[in-house]
Amino acid sequence: MLLFDFDGVLLNSVVEMSITAYNGVTGNLATSPDELPGHAIELFITNRYHVQAAGDALTLMRWCVEHTDLPPDQRLETDEYLVIRDGVKTPLADRTAHFFAARTRFTAHDPVQWLLLNSVYQPVWETLRNEGAEQVVILTYKNREATVTLCHHFGLPVLNENVYSGDHGTTKIANLLQIQDHFKQGRYTFIDDSLANLQELDAHFNKTEPVLDLLLASWGYNGPDDASLARKAGYPFITQEDLIAKIGSKSH
């Protein structure tokens, strides 16, 4: 059974996420990239691959706002990012709720602009549309309302109950346990663009016997060393064409 991450696998939301994180950090209501100071948005995009849970986007954006004069391609090393992330005292669940609240403010203020800041990854999106949205199961840190709204806007009417989201700070581990309980399949294949997410799921679900096949999407928000690190860990670093072939094989 195939499970899909959303941001970085099916949807390119990095610009929207940047602006939402900025609004969450500052209390502003920016709606376009040119409203962010200095190189804040470029720094966020450069370092987006470090972020797992949505609440951590606020932590990264706060650093970006504090360092807007840095070169736009300035990259945080993993250990540098972790020091920043782990130094935040506010619980992750609270930061995540704050991020989603900022997104809700944005969508209420200018829903058309919010949608325009997102785009889908082709050709994998069209393949899923052709295969049938009722078959698509999404495992994401994004909030359910935004995920469903975007899917339907771009012509993929996924079932609400097939979106396992990050609402209330729910982790991917907790959601995958729910997926196992609901679908009762012996084996799952999960596609994500975050190497850290794959490693976390691998450590939890494949301790005694493999029940989860993990694939890293090469078109998502990858770090500079993710391809080699993924291969060393045994996670295939796949193209959209590889994924489309898997979708075809699972549906026949």
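Sequence positions, counted from 1, serve as the residue numbers for this chain. Quick caveat: nothing in here was measured; it's all calculated off a predicted structure.
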Can you tell which of Thr147, Asp7, Asp167 makes a side-chain hydrogen bond (donor to acceptor under 3.5 Å, both in side chains) with Lys142? Asp7

Between CG on residue Asn130 and OG1 on residue Thr127, distance to nearest 0.5 Å: 6.5 Å

Indicate yes or no for a side-chain donor-acceptor contact from Gln122 to the backbone of Glu126 under 3.5 Å, with no hydrogens or angles considered. yes

Backbone N/O of Gly24 and side chain of His98: donor-acceptor pair under 3.5 Å: yes

For the atom pair OG (Ser18) and CD1 (Ile41), what is the distance rounded to the nearest 0.5 Å? 4.5 Å

Check this for me, if you would: do Asp5 and Lys172 make a salt bridge, where the nitrogen-to-carboxylate-oxygen distance has to be below 4.0 angstrom? yes

In this structure, would Leu128 and Tyr121 fall into the same cluster of hydrophobic residues linked by side-chain contacts under 4.5 Å? yes

When every non-hydrogen atom of Glu131 is compared with those of Gln135, the smallest separation belongs to O-CG, 4.2 Å

Nearest heavy atoms of Thr170 and Ser165, plus distance in Å: CB-O, 3.7 Å

No-hydrogen, no-angle side-chain donor-acceptor test under 3.5 Å, Asp225 and Ser228: no

Give the cluster check for Phe237 versus Leu3: same hydrophobic cluster or not, with ILVMFWY residues linked at side-chain heavy-atom distances below 4.5 Å. yes

Minimum side-chain heavy-atom gap Thr20-Phe99 below 4.5 Å: yes

Verify side chain to side chain contact (heavy atoms under 4.5 Å, CB included) between Thr96 and Leu92, making sure each step is shown before the conclusion. CA-CA 6 Å; Thr96 298; Leu92 177 58; 3.8 Å; yes

Smallest heavy-atom separation, Ala21 atom then Ala57 atom, equals CB-O, 3.7 Å

Scanning both residues in full, the closest heavy-atom pair of Ile238 with Ser218 reads O-OG, 2.7 Å

Give the cluster check for Leu139 versus Phe6: same hydrophobic cluster or not, with ILVMFWY residues linked at side-chain heavy-atom distances below 4.5 Å. no

Which pairs would a plain distance check flag for residues 149-164, meaning a side-chain donor or acceptor within less than 3.5 Å of a matching protein atom at least two apart in sequence or in another chain?
from, atom 1, to, atom 2, distance (Å)
Thr149, OG1, Glu145, O, 2.8
His152, NE2, Val158, O, 3.1
Asn162, ND2, Glu134, O, 3.3

Exam field: side chain Gln240 to backbone Val124, donor-acceptor pair closer than 3.5 Å: yes

Donor-acceptor pair, distance only, cut-off 3.5 Å: does the side chain of Asp56 make one with the backbone of Thr59? no

Check whether any side-chain heavy atom of Pro33 lies under 4.5 Å from a side-chain heavy atom of Ile19, and answer yes or no. yes

Can you establish whether the number of heavy atoms outside His168 located under 6.0 Å from its atom NE2 is more than 12? no

List the steps and the verdict of side chain to side chain contact (heavy atoms under 4.5 Å, CB included) for Asn197 and Tyr141. CA-CA 10 Å; Asn197 283 340; Tyr141 275 125; 3.6 Å; yes

Identify each donor-acceptor pair in which a side-chain atom of residues 43-51 lies under 3.5 Å from a protein atom, sequence neighbours left out, and give them as a table.
from, atom 1, to, atom 2, distance (Å)
Thr46, OG1, Glu42, O, 2.9
Thr46, OG1, Pro72, O, 2.8
Asn47, OD1, Leu76, N, 2.7
Asn47, ND2, Leu43, O, 2.9
Asn47, ND2, Gln74, O, 3.0
Arg48, NH1, Val51, O, 3.2
His50, NE2, Leu76, O, 2.7

Gap separating the CG atom of Asn143 from the CZ atom of Arg103, nearest 0.5 angstrom: 5.0 Å

Taken to the nearest 0.5 Å, the spacing of Thr26 OG1 from Leu29 CG works out to 9.0 Å

According to a hydrophobic-cluster definition based on side-chain heavy atoms being under 4.5 Å apart (Ile, Leu, Val, Met, Phe, Trp, Tyr only), do Val9 and Ile247 belong together? yes

Looking only at heavy atoms, which two atoms of Ala230 and Leu216 are closest? And how far apart? CB-CD2, 3.7 Å

Which is it for Gln180 and Val211 under the side chain to side chain contact (heavy atoms under 4.5 Å, CB included) test, yes or no, and what are the steps along the way? CA-CA 10 Å; Gln180 286 182 314; Val211 297; 4.2 Å; yes

With the side chain counted from C-beta on, respond yes when Trp219 and Leu243 share a heavy-atom pair under 4.5 Å apart, and no when they do not. yes

Any side-chain donor paired with an acceptor under 3.5 Å for Ser32 and Glu35? yes

Could you measure the distance from the OG1 atom of Thr189 to the CZ atom of Phe4? Nearest 0.5 Å is fine. 9.5 Å

Can you find a pair of side-chain heavy atoms, one from Ile244 and one from Pro123, that are under 4.5 Å apart? yes

Do Leu198 and Phe190 come close enough that some side-chain heavy atom pair is under 4.5 Å? yes

Answer yes if Leu116 and Val15 sit in the same cluster of Ile, Leu, Val, Met, Phe, Trp and Tyr residues linked by side chain heavy atoms under 4.5 Å apart, and no otherwise. no

Tell me the closest heavy-atom pair linking Val25 and Leu58, and the distance in Å. CG2-O, 3.4 Å

Side chain to side chain contact (heavy atoms under 4.5 Å, CB included) between Arg187 and Leu212, intermediate numbers included: CA-CA 6 Å; Arg187 193 114 177 184; Leu212 190 59; over 6 Å; no

Is it the case that over 12 heavy atoms from other parts of the model lie below 6.0 angstrom from the CZ atom of Arg62? no

Side-chain heavy atoms of Leu117 within contact of Phe106, under 4.5 Å: yes

Check: His39 and His67 side chains under 4.5 Å, non-hydrogen atoms: no

I'd like to know if the side chain of Glu80 reaches the main chain of Glu77, judged simply by a donor and an acceptor atom lying under 3.5 Å from each other, with no hydrogens or angles considered. yes

Are the side chain of Thr239 and the backbone N or O of Asp242 linked by a donor-acceptor pair below 3.5 Å? yes

Measuring from atom CZ of Arg75 to atom CG of Leu70, what distance do you get when rounded to the nearest 0.5 angstrom? 14.0 Å

A side-chain contact here means heavy atoms from C-beta on lying under 4.5 Å apart; do Leu215 and Tyr235 qualify? no

Please check: side-chain N/O of Asn23 versus main-chain N/O of Ala30, any donor-acceptor pairing under 3.5 Å? yes

